[in-house]
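Here is the structure we will look at.
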Amino acid sequence: MNVRGARSVCLRTMAPSRVPLCALPTPLHRLPRASRDLGVDLWIKRDDLTGFAGGGNKGRKLDFLMADALEKKVEVIVSAGSTQSNYLRQLSCACMMFGVHCVAAAMRLPYDGKAGKPVGRDLSDGGNRVLDALFGLDMRVFPDGTFDENDVNAQGLVREFEAKGKKVMKLPTGGSTPLGAYGYYMAGQELEAQRKDPFDFVVTASSSGATHAGLGYFFHGHASTLIGVSCDPEPEMVDDLAEIAMGLDEIVGLGRKMTRNDFDFRLGYYGAGYGVPSDEGDAAMDYLMRTEGILLDPIYTGKAFAGLLDMVRKEEVTGKVLFWHTGGLPTLFATAHS
Ligand SMILES: *Cc1c(COP(=O)(O)O)cnc(C)c1O
């Protein structure tokens with residue numbers, strides 16, 4: 001490597017700053033009854049127990065996203081999501097702690113433009129919204145439409161607060177920026193520190209992308225095969241994963257140039273669409289609850305675990321298997337909009 005190359009690597013590896021919101025490391029443990037029943041050596045990584053603001057995967061992203069917002073002296077964070085968003089719940093708590101105003105463009109059931117609005121059980125009230133109210137989230141509920149339309153709504157909120165002279169930061173749905181994904185790159189390191197012996201397969205839910213992209217960047221060229229189970233009917237998401245991972249490489253500086261082909265992204269398990277529970281997901285929730293006493297959620301982890309069970313049944317996933325639990329507990333308390 002020439003001197004210039006060495007210097008650019010050195011500059012790039014300045015670690016992003018972090019506010020320690022999450023209780024880390026999260027537990028890693030075996031699932032003995034499910035392992036015996038399924039005929040694989042099944043383990044779980046408990047990111048439902050990140051602790052912060054009710055737990056879940058968005059906490060790992062917020063450790064870095066909030067540090068960045070505070071360094072930039074942001075006064076208002078504008079974001080977007082569904083009214084039952086786990087991310088908006090954790091984001092609004094972090095904002096409350098640091099005196100940042102948190103405003104969100106929300107829809108009860110935002111959907112992918114191509115797939116259209118799914119039909120199914122409505123979980124838009126209660127649940128996360130109870131916590132959002134405690135955390136002072138300024139949630140603006142818009143009529144249902146596409147994720148792109150909701151982003152336009154969020155842009156309107158940016159203008160509203162900029163017009164008041166505020167320093168505004170806009171974060172995308174799910175906090176899925178390269179810096180958010182950095183939280184999951186670090187989570188990969190955390191797992192490796194807990195257990196040197198690699199898993200054959202690691203399975204996680206995937207939606208806005210930073211979890212799958214960050215872990216994918218970590219596991220690139222690794223002995224473990226990472227599989228992301230999509231909770232959205234959007235094949236194009238795999239391009240977003242590659243884009244987030246390219247941005248993450250700018251931060252980490254390992255020179256891992258990932259493309260869409262580097263991601264094992266499974267589209268078979270989202271049911272009717274984003275935000276609507278599926279029968280298979282509900283059955284998978286019931287299975288893990290009965291065998292191990294662990295609660296999953298109907299929108300993300302239930303569907304992802306249904307994918308894991310199906311892939312184990314088909315022997316696509318064998319040997320030492322890790323399910324990465326990403327949280328979502330408050331959605332179990334959500335109710336239909338009345
Ligand atoms: C947001 C979320 C996911 C998906 O993570 P992304 O980084 O958005 O892909 C999975 N599980 C739960 C419980 C979530 O809230």
Side-chain angles (χ1 to χ4, degrees), residues 22 26 44-50 52-65 79-93 110 112 123 127-128 131-132 147 171-188 202-218 226-232 234 236-238 240-245 247-248 263 265-267 269-270 274-275 277 281 284-285 288 294-308 323-334:
C22 293
T26 57
I44 191 164
K45 179 71 170 150
R46 301 293 302 273
D47 278 8
D48 53 325
L49 304 179
T50 52
F52 178 67
N57 65 337
K58 304 311 182 304
R60 287 193 190 267
K61 305 180 189 182
L62 290 167
D63 278 4
F64 296 98
L65 294 173
S79 198
S82 78
T83 54
Q84 209 43 250
S85 166
N86 295 302
Y87 158 69
L88 293 177
R89 179 241 312 163
Q90 290 187 279
L91 172 68
S92 58
C93 186
D112 174 55
L123 294 174
N128 280 290
L131 299 173
D132 294 344
F147 282 103
L171 288 172
T173 303
S176 281
T177 66
L179 190 59
Y182 184 79
Y184 268 90
Y185 167 68
M186 295 300 285
V202 177
V203 178
T204 186
S206 185
S207 180
S208 68
T211 303
H212 190 184
L215 288 175
Y217 186 86
F218 174 79
L226 174 70
I227 299 175
V229 177
S230 182
C231 303
D232 304 54
E234 280 184 68
E236 312 79 31
M237 264 311 300
V238 73
D240 296 3
L241 295 175
E243 197 181 313
I244 297 167
L248 177 57
F263 292 93
F265 179 67
R266 304 287 174 113
L267 283 155
Y269 304 104
Y270 54 75
Y274 175 75
M285 287 171 68
L288 194 64
I294 294 174
L295 299 170
L296 298 171
D297 83 287
I299 307 303
Y300 302 98
T301 53
K303 291 178 178 180
F305 198 68
L308 183 149
F323 180 66
W324 204 302
H325 193 333
T326 45
L329 181 73
T331 311
L332 290 179
F333 308 106

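For the numbers below, each heavy atom of this structure counts, side chains included, while hydrogens, waters and symmetry mates do not. Whatever order the structure lists ligands and atoms in, that order sets their numbers, starting from 1.
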What is the nearest protein non-hydrogen atom to [atom], stated with its residue, atom name and distance?
atom                    : result
atom 10 (C) of ligand 1 : Thr326 OG1, 3.2 Å
atom 9 (O) of ligand 1  : Ser207 N, 2.7 Å
atom 5 (O) of ligand 1  : Asn57 ND2, 3.0 Å

Can you name the atoms of ligand 1, numbered from 1 with element, that are less than 4.0 Å from a heavy atom of [X]?
X      : result
Lys58  : 1 (C), 2 (C), 3 (C), 5 (O), 8 (O), 14 (C), 15 (O)
Gly328 : 13 (C)
Asn86  : 13 (C), 14 (C), 15 (O)
Lys61  : 6 (P), 7 (O), 8 (O)
Ser206 : 9 (O)

task: Decide whether the shortest distance between a heavy atom of Ser208 and an atom of ligand 1 is less than 4.0 Å.
output: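 Distance cut 4.0 Å: Ser208 passes for ligand 1.
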message: Please determine whether any non-hydrogen atom of Gly56 lies less than 4.0 Å from an atom of ligand 1.
response: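 Checking ligand 1 against Gly56, which is what was asked, there is no heavy-atom contact under 4.0 Å.
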Would the distance check show the side chain of [X] and the main-chain N or O of [Y] forming a donor-acceptor pair, the cut-off being under 3.5 Å?
X      : Y      : value
Asp47  : Thr326 : no
Asp297 : Tyr300 : yes
His212 : Val229 : no
Gln90  : Phe52  : yes
Ser85  : Gly81  : no
Thr177 : Gly180 : yes
Thr211 : Ser206 : no

query: Would Tyr87 and Ser176 satisfy side chain to side chain donor-acceptor pair (under 3.5 Å), going step by step from the backbone distance to the final call?
result: CA-CA 10 Å; Tyr87 158 69; Ser176 281; over 6 Å; no
query: Do ligand 1 and Asp297 have nitrogen or oxygen atoms that lie under 3.5 Å from each other?
result: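 For ligand 1, there is no N or O atom that lies under 3.5 Å from one belonging to Asp297.
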